[in-house]
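Numbers restart at 1 for each chain; the letters A, B, ... are given by sequence-line order, proteins then strands.
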Protein chains: 2
Amino acid sequence: MIRERPTLEAVARRAGVSRATVSRVVNGSTSVAASIREAVNRAVEELGYVPNQAARSLVTQRTESIALILPETANRVFSDDLFFPAIIRGVGGELEAADKQLVLMMAGSAKSHDRVERYAVAGHVDGVMFASMHGADPLPGTLVRLGIPVVCSGRPIGAAAVPYVDVDHFGGVCGAVRHLVTAGRRRIATIAGPQDMVAGIDRLAGYRATLEEAGLAQHVRIGDFTRESGMVAMRKLLDDDPALDAVFVASDMMAHGALTALKDAGRRVPGDVAVIGFDDFEISRYSEPPLTTVRQPIVEMGRTMARQLLGLINDEPHQPDAVVLPTELVIRETA
Amino acid sequence: MIRERPTLEAVARRAGVSRATVSRVVNGSTSVAASIREAVNRAVEELGYVPNQAARSLVTQRTESIALILPETANRVFSDDLFFPAIIRGVGGELEAADKQLVLMMAGSAKSHDRVERYAVAGHVDGVMFASMHGADPLPGTLVRLGIPVVCSGRPIGAAAVPYVDVDHFGGVCGAVRHLVTAGRRRIATIAGPQDMVAGIDRLAGYRATLEEAGLAQHVRIGDFTRESGMVAMRKLLDDDPALDAVFVASDMMAHGALTALKDAGRRVPGDVAVIGFDDFEISRYSEPPLTTVRQPIVEMGRTMARQLLGLINDEPHQPDAVVLPTELVIRETA
DNA sequence: GGCTCTCGCTTAACCGGTTAATCATAGGGG
DNA sequence: CCCCTATGATTAACCGGTTAAGCGAGAGCC
């Protein structure tokens, strides 16, 4: 059943040349006579030869594969979230085009965190990408110090100088909140994201800056980006200030939770309370009412990360340390 | 910057033993004296030795990694879909526990399809898992014939005898439709899934069988599992039979589309029309009204696939050719 | 005491490629 | 005609592990 896989040696014998020559042909070296190249290719074809990556990696020190680290345990990732799938989609497309393999790793527990480090350090991959992580994770910095190409999605917290790709959280939020102010809203609250993530911190900063600029009072509640936490936070905000007339919510998921809470509390949206989210997930086009939100180009982030990493790996010059992609206010019906 | 990675040789020198002995200690062989084992472990520790997987694979013919093939181009996967993320979650968790790596591959285009085959055949992975594919894809069968361990999610169409994990589509749908019948519904339509996928075919079969059994007329429209297609199909069904009083929708996404279409058409749910979906995605708990649906344990499917594949790889005996997981009717408010 | 057996380590072959160094051959110049 | 060079192939070393076979020493047995 298991057909013995032909080796370079076999191809060489069949083509009547040496291993080295076959290797050269397979790797597209130019200095091989056309007739020989022809013969080798025929032999490759006939035997169905495919090079053994392990053997190749052993000598080239390259694996042609790249890790994407998701900073949650496998059980939590993807539960309610549309962020990681989109990142994967962007990364995957770009790597496929470059003929690299995508190795997915979850790094939630301390144990798996360790595993990831060992894996990367062991040279199983040519480079590592981190998807938006929590807190000041030392791992990216560690890997960089070891000379492993790394790119993060989301500006890393902490001192480590790690290349990253992020979106303009601050600018996007400012635009959104200003939109509320311009529309005459005066009691504008926010449901912020976790304050151990840049996405949470920067979006809250944008809210604060804009309200300060407008001379309005701030009402803040913190969520964890889940729908459930959005509901809870919205209820608390309504307790805090029953007369609030707008809320900027730092993620679409939480915004959906907020919408539910508002409906339960008998508020009309946007009549009584305007709502703006952040993300622009697909589902937000279908919420009731359709959600006004700040679009961040997640797939594009994935693509950009991959491109940057590939650049680093091939050490192309002029690799920017950071790329910040623009966000865009998408106006639908909630504000 | 790039610290030279220590090799077995280096560890052996430091510990004052031979390469072979170090190898044995590293791989946990028992027949090594405690004192030597001690010394070797110390050397490993001090040097920060991590074995080189390429070298190891070369001789063991094992890569400790496993491919998950997603049968869409990277651009389409994950767009609106919550199925693949859940599969990944299940698979990822199980593989992590087994210390295997997950290699993600998209196989949409013919070109990438080829790439996947070459990759698997080249022995880059110890086994391959296919996530629900379209039509009668020959690839799984091909790989099986080459002796590569394969497991599919979703019973494969066609003759190939490939181990698979699936859910009880038919039974689940029968239960759901029977629920509608029992509730007194008499004009029960369905929005079926694509008829080139088992999930689409079997669910339609369940609908047909149950209605036949109940002696009721069948109204069928086909969608492609997207929300949009659900909306369109629902409108068509209402054209077909404005008086229909229930609809079984073969996926939650399409059900959400159908809900929108029903609302637009002025139908109350479940008053005028009862709706039952299939999947039980997270979002279905939050639709308006919350969706009654057939739950399929997607994460568990992923886990089971991974377990089966690991069993095959370690050629444990008694590997079932097929595992069919149960589905469960989750009654909320739409029926 | 000598023989055999066992235990535990070392030696060395091998996995399947890449590539630097080497060598054969044909062509060109003097 | 001979020597030199360019071209293009081959030889062989190496990547970093695993593991079968070999071997030395201590224990058990008669």
Sort me out a list of protein N/O and nucleotides 10-15 of chain D N/O pairs below 3.5 Å, or just none if empty.
residue: D:dT10; atom: OP1; partner: A:S18; partner atom: N; Å: 3.4
residue: D:dT10; atom: OP2; partner: A:S18; partner atom: N; Å: 2.8
residue: D:dT10; atom: OP2; partner: A:S18; partner atom: OG; Å: 2.7
residue: D:dT10; atom: OP2; partner: A:T21; partner atom: OG1; Å: 2.6
residue: D:dT10; atom: O4; partner: A:R24; partner atom: NH2; Å: 2.9

Check the distance between C:dG16's P and A:Y49's OH and give it to me in whole angstrom. 10 Å

If the threshold is 4.0 Å, N to carboxylate O, is there a salt bridge linking A:E300 and A:R307? yes

Looking at every heavy atom in both A:S153 and A:M301, which two are closest together, and how far apart are they? CB-CE, 3.9 Å

Net bend of the helix from C:dG1-D:dC30 to C:dG30-D:dC1, end axes of five pairs each, nearest 10 degrees: 60°

Look at the side-chain N and O atoms of B:T60 and state whether any lies under 4.0 Å from the OP1 or OP2 oxygen of D:dT18. no

Protein-nucleotide distance (B:N27, atom CG; D:dG16, atom C1'), rounded to Å: 13 Å

Salt-bridge test for A:R115 and B:E96: reply yes if a basic N is under 4.0 Å from a carboxylate O, no otherwise. yes

Rounded to whole Å, please give me the gap between CZ in B:R13 and C1' in C:dT11. 17 Å

Does a side-chain N-to-carboxylate-O contact under 4.0 Å join B:R42 and B:E45? no

Taking for A:R56 and for B:I36 the nucleotide of DNA chain C with the nearest heavy atom, the one nearer the 5' end belongs to B:I36

Could you tell me how far apart B:Q53 (CD) and D:dT18 (C1') are, to the nearest whole angstrom? 12 Å

A:E46 atom CD, neighbour heavy-atom count above 12 within 6.0 Å: yes

Test side-chain contact (heavy atoms from CB on, under 4.5 Å), reference A:L68, set A:V103, A:V125, A:L95, A:L104, output is A:L104

Are there more than 12 heavy atoms of other residues, nucleotides or ligands under 6.0 Å from atom CD of B:E9? yes

Trace of the side-chain contact (heavy atoms from CB on, under 4.5 Å) decision for A:I69 with A:M129: CA-CA 6 Å; A:I69 315 291; A:M129 301 169 27; over 6 Å; no

Could you check how far CD of B:E64 sits from C1' of D:dT18, rounded to whole Å? 14 Å

